[in-house]
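Encoded as structure tokens, the structure appears first; notes follow it.
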Amino acid sequence: MTALRAVSWTLLGALILAQICYPLTGGGTRAALTVATVLIGVVLSVTHAWWFRGGRAAAALVGAAMLGGFAVEAVGVATGFPFGTYDYSGQLGPKLLGVPLIIPLAWTWMAWPAWLAALRVARGRAARIAVAAGGLAAWDLFLDPQMVAEGYWRWHDPVPALPGVPGIPVGNYLGWLGFAVLLMTVLSAVAGHSAAAPEREDVPMLALWLWTYFSSVLAHAVFLDLPASAAWGGVLMGVAVLPLLKRRAT
């Protein structure tokens, strides 16, 4: 068990290093770091779920987030529902049905820490689903502005948009909130009792959740010249993330 915990911390360290390098690079190197970050992240989350919560929890995570994420993205690209009409560039690697294969991996990577954090800050299944889904959807307030600024994807009709965050329709965020609720509902139902209570081994994933929040606020505000998304994400994702600090302190 000690060795498994060490692997989780090592993967987290590699992910943080890749994210630190991201704003210091550009072009193809930055795109490669984006892909590398997601790959490390999904390995971290899925192996953590497998090692510490069992095969059923890992399968639930992959099914709800990875397969479900790909399905909703494929529908979105083909129909414009539920995110608006958009398409991806070719900078993020191979695509299937118009969706870069790396995209559903990103939701798998972040869905697991969102759920484990919700176990600590909310009581009852419905409240935990709401907190986890809200936090995961609010992460998109950082992700989409950053990726659109890099040209990785674009909306054809990005209005109405949040003040200060052009290029992304408000409906996109609402679409991700709806999908996140569905994702967390399925995950909580299928993962079983092993994923229904906090555990000591969750600490690397909680560290990932906190790192993602605070580093995103800092990067958008200081390094990426995206102050409005820093503010929107800082406030709305903070509603789900910041209670974790109080919980850890007590």
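Fair warning: this is a prediction, and the values are worked out from it, not measured in the lab. For the single chain, residues carry numbers from 1 onward in sequence order.
Applying the salt bridge (charged side-chain N to carboxylate O under 4.0 Å, His left out) test to residues at least two apart or on different chains, none of the pairs has a partner in residues 214-233.
Listed here is the closest heavy atom pair of T185 and V181: OG1-O, 2.7 Å. Considering every non-hydrogen atom in both V186 and A64, the closest pair reads CG1-CB, 3.9 Å. The two residues R53 and S194 come nearest to each other via the heavy atoms O-OG, 2.6 Å. Across all non-hydrogen atoms, the minimal contact from A228 to G164 is CB-O, 3.2 Å. Closest approach of V72 and P82 over heavy atoms only: CG2-CD, 4.0 Å. Heavy atoms only, all atoms of each residue included: P169 and P158 are closest at CD-CA, 3.8 Å.
Ring centroid separation for the pair W176 and W107 comes in under the 6.0 Å cut-off.
V46 meets the side-chain contact (heavy atoms from CB on, under 4.5 Å) test with V42, L61, V62, T108; sequence neighbours excluded.
For the ring pair (Phe, Tyr, Trp, His ring centres under 6.0 Å) with W155, the qualifying choice from Y86, Y173, F83, Y88 is Y86, the only one to do so.
In this structure, W50 places its CH2 atom where only 12 or fewer heavy-atom neighbours from other residues, nucleotides or ligands lie under 6.0 Å away. Annotation for H156: atom NE2 counts as buried by contact number, over 12 foreign heavy atoms lying within 6.0 Å.
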What side-chain donor-acceptor pairs closer than 3.5 Å can you find for residues 30-40, not counting sequence neighbours?
from	atom 1	to	atom 2	distance (Å)
R30	NE	Y22	O	3.1
R30	NE	T25	O	3.1
R30	NH1	E150	OE2	2.6
R30	NH2	Y22	O	3.3
R30	NH2	P23	O	3.2
R30	NH2	T25	O	2.8
T34	OG1	R30	O	3.0
T37	OG1	L33	O	2.8

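Taken together through direct or relayed side-chain contacts under 4.5 Å among Ile, Leu, Val, Met, Phe, Trp and Tyr, L242 and F142 form part of one hydrophobic cluster. Under the 4.5 Å side-chain heavy-atom criterion for grouping Ile, Leu, Val, Met, Phe, Trp and Tyr, W232 is not connected to V159 through any hydrophobic cluster.
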